[in-house]
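Each chain gets a letter, A, B and so on, in the order the sequences are listed, and its residues count up from 1. These numbers come from a predicted model, not from an experiment.
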Amino acid sequence: MNAPAEDRLFGWKGRGLRLGLGVNAALVYGFLYLPVVVLMVFSFSGSRYATVWGGFSVQWYVRLLDNQVLLSALRTTLVLAVCATLLATVLGTMAAFGLRRLRGRLRGLLETWFFLPVLVPDLVLAIALLMFFVLVAQLQLGLGTLIIAHSVFCTAYVAAVVGARLKGFDDRLEEAALDLGATRWQVFTRIKLPLVWPGILGGALLSLALSLDEFVISFFVTGPGATTLPIEIYSMVKRGVTPEINALATLMLLASIVLATLSILIQSKNSS
Amino acid sequence: MVPAVELTGVGKELGGQKVVRGVDLSIREGEFFSLLGPSGCGKTTTLRLIAGFETPDEGAIRIRGRGPGRRPAFAREVNLVFQNYALFPHMTVWANVAFGLEMERRPKEEIRREVEAILALVRLEGLEGRYPRQLSGGQQQRVALARALVTDPAVVLLDEPLGALDLKLRKDMQIELKALQRRTGVTFIYVTHDQEEALAMSDRIAVMHEGRVLQVGTPEEIYERPQTRFVAHFIGETNLLEGRLRPGGNGVVEVESDGLAFAVGGGGRSSGDEQVILTVRPEHLVVGRRLNGGLENRFAGEVVASAYHGSERMVHVRIGNGVVLRSRVPNGSAELPDPGDAVEVGWPAAAARLVSPD
């Protein structure tokens, strides 16, 4: 039998070390996931107080489906997320391809500028966008401004993810295709796009997830008639946390787990 | 007959450096032609110029007598086999090979026939459905060859294609490549820094150094009759002696170097008191306790080193004034000298050659 490396090196001290590390890991995971587990458990509570256990029940899920206000907010959120993601994926992918064609210092500078929205605090971006919409563009605040605002930060994320994928692209593949008579367009559709596709899809899933739970920016640039789910929940919580919100949060958690799993599967399947 | 590829006065500057200077080459149809030189000699840039990935600053490149015309240069009937093969990783072997034909919009049935034929030629039948990452280095190499050959180009350019393979596989692939080129009759231009590879495979070799072509010739000409010091030194092993030329008798000239006089055959190249370089290959040097007569060059010396190389032994002999000559002695010859032995070393005047400085 092979003893673990620490045991062989440190004897009984090694066993103590391993135990300590195990306990530490358990605590960290507990810290991360215990609140979520509590939330999920209480979404099945029969009590009408969010923090009191009142026996198993799915009534809050049923009530949720009858809540027209929440359902309309969900619809707005989904429309917003899909539109922003489509826009951001096209723009971000084009930007990543364009940036790669540049050489030297200009490229570094432009790349940094492009990824700035990722680093800038949401609050700053939110105020800036609001000012721009109201003062400069003089747009009616609503779903339109929401879509534009979400596209802005999502584009930066897509460009970052696609750019990372493009970094691993061997330029000689492009030369090989050109050499065999392909046009630039054929190189793009037959060689580049299939190879970079996982990056584009990953970027799209990321921006979908980011758009779905964006609160600060939405809060600033939204207008009458366009309430997103996070904003609706925020105003509900102000009146007190109900088990309905627990149920909604559990459903959203499931949705994001599915998105994250898809993204990981796509990335790992193609990176081999 | 129109040459397959013709370069006249081609020059190219990259990054402020002249990497190719005044290159003239004429490569015949069906020839296996090698560009040989150390790294940085401009051979790969020359290849990329022919492929059309670079455009020459000076001079012209003609493929079968035609200039680039209005199409992009890389669209010409020249295909490149890349150093790392550059196979499309998301396509099967079949799709990789068919790619060029599809770009030419050939009919489906013809594509199927051509791809099948070329895969049989490079012995890849049964691997059509595999992806490049599922193939060995040698197999990937053959896919790259098939992909370049299938569109029936005027010229196939190969950029150190065997560099990534291990020694044993490389020797096998050398033979296979040469056989493939014979069978297809396609002109190959082969870039390598490996002189043994170039000698073994080529019909003709151009030796390049610092952006220039120093000598073009058959492997025998390059090896037996090098024209410059670099060519003599780079191809195989040799003894180089610098000295002054003196006229001698009997169609022989003498070179005086470090107080020693060496006879060189082949007639005088020059009359005067000229600085020259003499080269003589180690296999032409004979070493023994006492040599028979008949050798124009014969010196007494001392063995300073002797290295065993399997089929032969490399013996280093000092003949005075610090001049050390290397002699290749085949194993199995009667007497094998040891370091410290007093010996004689000699060679015929005809085995030595005068070369020009580069």
Side-chain angles (χ1 to χ4, degrees), chain A residues 89 93 96-98 100-108 161-205 262-272, chain B residues 15 44 47-48 50-54 63 71-92 95-106 111 115 131-134 140 143-161:
Chain A
T89 304
T93 303
F97 274 95
R100 197 182 150 79
R101 294 192 73 88
L102 296 174
R103 292 276 167 260
R105 277 166 67 188
L106 185 68
R107 173 169 165 185
V161 174
V162 175
R165 184 85 192 179
L166 269 177
K167 277 214 174 71
F169 183 82
D170 183 356
D171 284 329
R172 276 166 295 196
L173 295 180
E174 180 171 6
E175 287 189 345
L178 288 173
D179 191 48
L180 291 165
T183 61
R184 295 262 172 208
W185 177 247
Q186 282 168 322
V187 171
F188 180 73
T189 56
R190 304 264 323 240
I191 309 295
K192 281 190 166 175
L193 211 51
L195 286 172
V196 179
W197 185 239
I200 297 174
L201 217 55
L205 286 175
L262 268 181
S263 164
I264 290 168
L265 281 179
I266 290 163
Q267 296 283 336
S268 66
K269 181 176 164 262
N270 285 278
S271 60
S272 55
Chain B
T44 293
L47 198 75
R48 290 179 61 83
I50 299 171
F53 289 124
E54 311 282 352
I63 312 284
R71 290 193 301 164
F74 47 73
R76 288 196 283 191
E77 46 193 338
V78 173
N79 286 345
L80 183 55
V81 175
F82 289 79
Q83 197 163 12
N84 68 343
Y85 318 139
L87 299 178
F88 305 129
H90 59 300
M91 295 185 191
T92 60
N96 263 283
V97 175
F99 189 83
L101 296 171
E102 283 170 16
M103 293 302 108
E104 292 180 355
R105 295 171 186 279
R106 304 259 196 109
I111 292 179
V115 172
Y131 286 89
R133 63 174 177 276
Q134 299 171 311
Q140 292 183 21
V143 177
L145 274 170
R147 187 176 70 175
L149 280 168
V150 75
T151 55
D152 194 23
V155 184
V156 171
L157 310 172
L158 303 101
D159 185 8
E160 308 236 9

* To do: Drop me the distance from B:Phe53's CZ to A:Arg172's CZ, to the nearest 0.5 angstrom.
  => 11.5 Å

* What part of B:Leu101 is in contact with chain A, defined as an atom under 4.5 angstrom from a non-hydrogen atom: side chain, backbone, both or neither? -> neither

* Asked: Is the shortest heavy-atom distance from the side chain of B:Phe82 to the side chain of A:Glu175 under 4.5 Å?
  -> yes

* Asked: Which region of B:Gln83, side chain (C-beta onward) or backbone (N, CA, C, O), has a non-hydrogen atom less than 4.5 Å from a non-hydrogen atom of chain A, or is it both or neither?
  -> neither

* **Heavy-atom closest contact (A:Asp179 atom, B:Leu80 atom, distance)** => OD2-N, 2.6 Å

* Any side-chain heavy atom of B:Met91 sitting closer than 4.5 Å to one from A:Ile191? -> yes

* Close contacts, residues 143-150 of chain B versus chain A, judged by heavy atoms under 4.5 Å -> B:Arg147

* With rounding to the nearest 0.5 Å, note down the distance linking CG in A:Leu173 to CG in B:Asn84. => 7.5 Å

* **Distance in Å, A:Leu195 CG paired with B:His90 NE2, rounded so as to fall on 0.5 Å steps** => 4.5 Å

* Under 4.5 Å between any side-chain heavy atoms of A:Arg190 and B:Phe99, yes or no? -> yes

* Which heavy-atom pair separates B:Ala86 from A:Ala176 by the least distance, and what is that distance? -> O-CB, 4.0 Å

